Every structure is written in structure tokens, then in C-alpha cells.
Amino acid sequence: MRLRDRVVVVTGGGGGIGRAIARAFAAEGAGLVLGDLGAAVTTVAANVRRDGGRAVTLEADVTRGADMAALAALADREFGRVDVLVTCAGLGDAGLLTEQDEREWLRVIDVNLNGTYRAIRAVLPQMMAQRSGRIVTIASVMGRIGGFGYVTAYVASKHGVIGLTRALAAELGAQGFTALTINALCPGYVRAGMGVAAQPTKTGPLGGEEIFERYFKRLVPQRRMIEVEEIAGAAVFLALPESAGITGQALNVDGGFVMS
Ligand SMILES: NC(=O)c1ccc[n+]([C@@H]2O[C@H](COP(=O)([O-])OP(=O)(O)OC[C@H]3O[C@@H](n4cnc5c(N)ncnc54)[C@H](O)[C@@H]3O)[C@@H](O)[C@H]2O)c1
């Protein structure tokens with residue numbers, strides 16, 4: 001219960017990783033404001049409340065600035081503050097750049113990169129007024145390395161998320177917001193959500209456990225996929241007092257896949 005008086009906003013809170021992040025923050029006593037498309041997120045919140053936690057939800061699309069403003073307003077109305085933002089909403093693309101039309105490229109960039117920006121933009125004034133806060137962007141190891149085809153928009157968007165994270169960390173520091181940190185988490189191959197959902201391409205499936213076993217496993221020193229609880233644990237760490245000196249970082253949680 002290390003975050004009992006804290007309020008956490010999570011975008012994509014109904015997804016595989018988002019759900020685990022919600023559960024982990026609830027276990028530390030934090031109040032939750034969960035946004036996502038569709039109804040899955042209401043079940044996540046209902047389970048948190050059943051276990052004695054505090055959670056509210058909003059159907060909130062990260063491609064809409066008004067939805068992000070409504071999510072921040074809900075946090076203010078329900079809890080009177082925002083201490084942590086975790087930007088978990090995301091989607092992938094699959095296929096050759098030349099097979100995809102411009103709409104597909106724009107959609108991935110709009111959700112993963114612009115959506116991260118919109119969520120941050122919505123909660124930042126409250127955090128600045130409090131002169132404290134923690135922002136955790138969920139990027140990917142695909143944002144640390146290039147060299148993976150068939151997911152060009154995804155790779156570009158996640159590089160962008162890390163760039164946004166670093167630049168904003170510098171900007172906040174320069175403005176004197178020394179208790180307001182922003183860091184990126186870079187999951188490797190996670191056993192949930194996108195990590196297990198194989199997507200068809202002209203040359204075969206992309207993603208999924210079989211592809212991990214066949215191609216990626218030997219590149220990962222720990223020879224295993226990452227569990228959602230490991231991503232959630234890292235997100236909680238980045239919200240604790242012990243991590244106050246960490247900002248502008250991109251932390252890989254990937255079994256050693258990427259070592260820079
Ligand atoms: N699973 C992995 O292996 C892996 C690896 C690296 C990074 N990630 C990142 O982790 C995050 C969560 O992914 P996941 O694996 O849990 O996948 P997921 O598909 O289970 O979760 C993604 C969530 O984002 C939501 N979402 C999509 N578009 C949205 C929009 N416009 N507005 C609001 N919500 C929207 C979805 O509804 C879903 O609940 C993503 O940013 C993803 O890029 C995942």
C-alpha cells in the first residue's frame with residue numbers, strides 16, 4: 001500500500017498490459033481512472049472495486065483530445081488530483097510499407113504517438129499545479145532498435161514516444177518542475193495483448209508465441225517472454241518515491257533482448 005493517497009490515470013486500461021498495470025497500482029492502494037475503447041475496462045474497474053479498491057472508467061479514445069480532457073476532468077472530479085499517468089493505449093501494424101495505405105500509417109502514429117501526446121497534454125496542467133507527478137509512457141524495445149520490417153509505422157511511433165519522453169523531461173526540468181518525472185518503459189515480447197496476437201501478413205504471421213519461439217527466443221538472454229506483472233511492477237516503481245531521481249529514461253523490460 002505504498003501509493004495509498006495517489007491517483008493514477010491509465011489509457012488503454014482494458015488491454016493486456018493496461019489491466020495488469022491497473023491491478024498493480026490498485027494493490028498499492030492508488031485510486032484509478034481508467035480509459036479505453038469499449039467495455040473491457042469497466043470489468044477491470046469492477047474487479048478492483050470488488051477487492052476494495054477505488055476505480056472509475058471512461059470510454060476515452062486517445063485520438064480525440066476532448067476524450068483525454070474528459071479523462072483528466074474525471075480524475076479531478078472523482079479524486080481531486082492526478083499523480084501518475086500511464087499511457088498504455090496502442091496498436092500495431094503488420095505488413096510491408098508499400099502494402100499499406102496512408103490511412104494505416106496515420107492511424108498507428110495517431111494512436112501510439114499523438115495519443116501519448118494528447119494524454120500527457122490533458123493531465124500535465126494538473127500535475128504542474130501540484131508541482132509533482134509521474135508520467136510513464138509505454139513505448140517498446142521497437143522504439144530502441146530499428147531493423148524490424150513489417151512494422152514500420154509501429155517502430156516509428158515508438159521511437160517517437162521515446163523522443164517525446166526525453167524532450168519533455170528536459171523541458172520540465174528547465175521549467176523547475178523537478179518533482180515531475182517522465183520515463184518510458186520499453187517492453188520486449190510480452191505474453192499478453194499484442195505479444196500473443198498473431199497478425200497475418202503476405203509472408204506469414206507476425207507476432208504470437210510461435211514466432212517468439214521460432215525467431216526471437218534465441219536472441220533473448222533469458223529465453224522467455226515477459227509477463228504482464230513485470231511491466232506493471234516497473235510502472236509502479238517509476239511512481240514510487242525511490243525513483244524520484246529517474247527522469248527522461250527509457251527502461252527495457254525485455255529479458256535482456258536489447259542492452260542499450
Ligand atoms: N504485448 C507486447 O508484447 C508489447 C510489447 C511492447 C510494447 N507493447 C505496448 O504495450 C501497450 C499495450 O499493449 P498490449 O500488448 O496490452 O495490447 P492490447 O491490444 O491488449 O492493449 C492495447 C489497448 O489499447 C487500447 N486502444 C487501442 N486504440 C485506442 C484508442 N484509440 N484509444 C484508447 N485506447 C485504445 C485497446 O482497446 C487495448 O485495450 C501498447 O502501447 C503496446 O505498443 C506491447
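Atoms within a ligand are numbered from 1 in the order they appear, just like the ligands themselves. Note that the numbering runs from 1 along the sequence shown for the chain. Since the structure is predicted, the reported quantities are computational estimates derived from the model, not experimental observations.
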Subject >> Phe177 atom CZ, neighbour heavy-atom count above 12 within 6.0 Å >> reply: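 Yes, the 6.0 Å shell around CZ holds more than 12 heavy atoms from other groups.
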**OP:** Inspect the surroundings of CD in Glu102 and state if more than 12 heavy atoms from other residues, nucleotides or ligands are less than 6.0 Å away.
**Re:**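 Not buried by this count: 12 neighbours or fewer within 6.0 Å.
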Original post:
Is a side-chain donor or acceptor of Asp93 paired with a backbone partner of Ala153 at a separation under 3.5 angstrom?
Top reply: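 Checked: pair present.
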Subject >> Under the side chain to side chain contact (heavy atoms under 4.5 Å, CB included) test, residues paired with Glu78 that sit two or more places apart >> reply: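 With sequence neighbours excluded, Glu78 shows a side chain to side chain contact (heavy atoms under 4.5 Å, CB included) to Val56, Leu74, given in chain and number order.
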**OP:** List in chain and number order the residues that pass side chain to side chain contact (heavy atoms under 4.5 Å, CB included) with Ala22, two or more places apart in sequence or in another chain; answer none if no residue qualifies.
**Re:**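 Only Leu32, Leu34, Val44 meet the side chain to side chain contact (heavy atoms under 4.5 Å, CB included) criterion with Ala22.
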Original post:
Which parts of the protein, at residue level, reach under 4.0 Å of ligand 1 through a heavy atom?
Top reply: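 The answer is Gly12, Gly14, Gly15, Gly16, Ile17, Asp36, Leu37, Ala60, Asp61, Val62, Thr63, Cys88, Ala89, Gly90, Val111, Ile138, Ala139, Ser140, Tyr154, Lys158, Pro187, Gly188, Tyr189, Val190, Ala192, Gly193, Met194, Gly195, counting any residue whose heavy atom sits under 4.0 Å from ligand 1.
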Original post:
What residue pairs, at least two apart or across chains, pass salt bridge (Lys or Arg N to Asp or Glu O under 4.0 Å) with a residue in residues 205-218?
Top reply: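 Those involving residues 205-218 are Arg191-Glu209, Glu210-Arg214, Glu213-Lys217.
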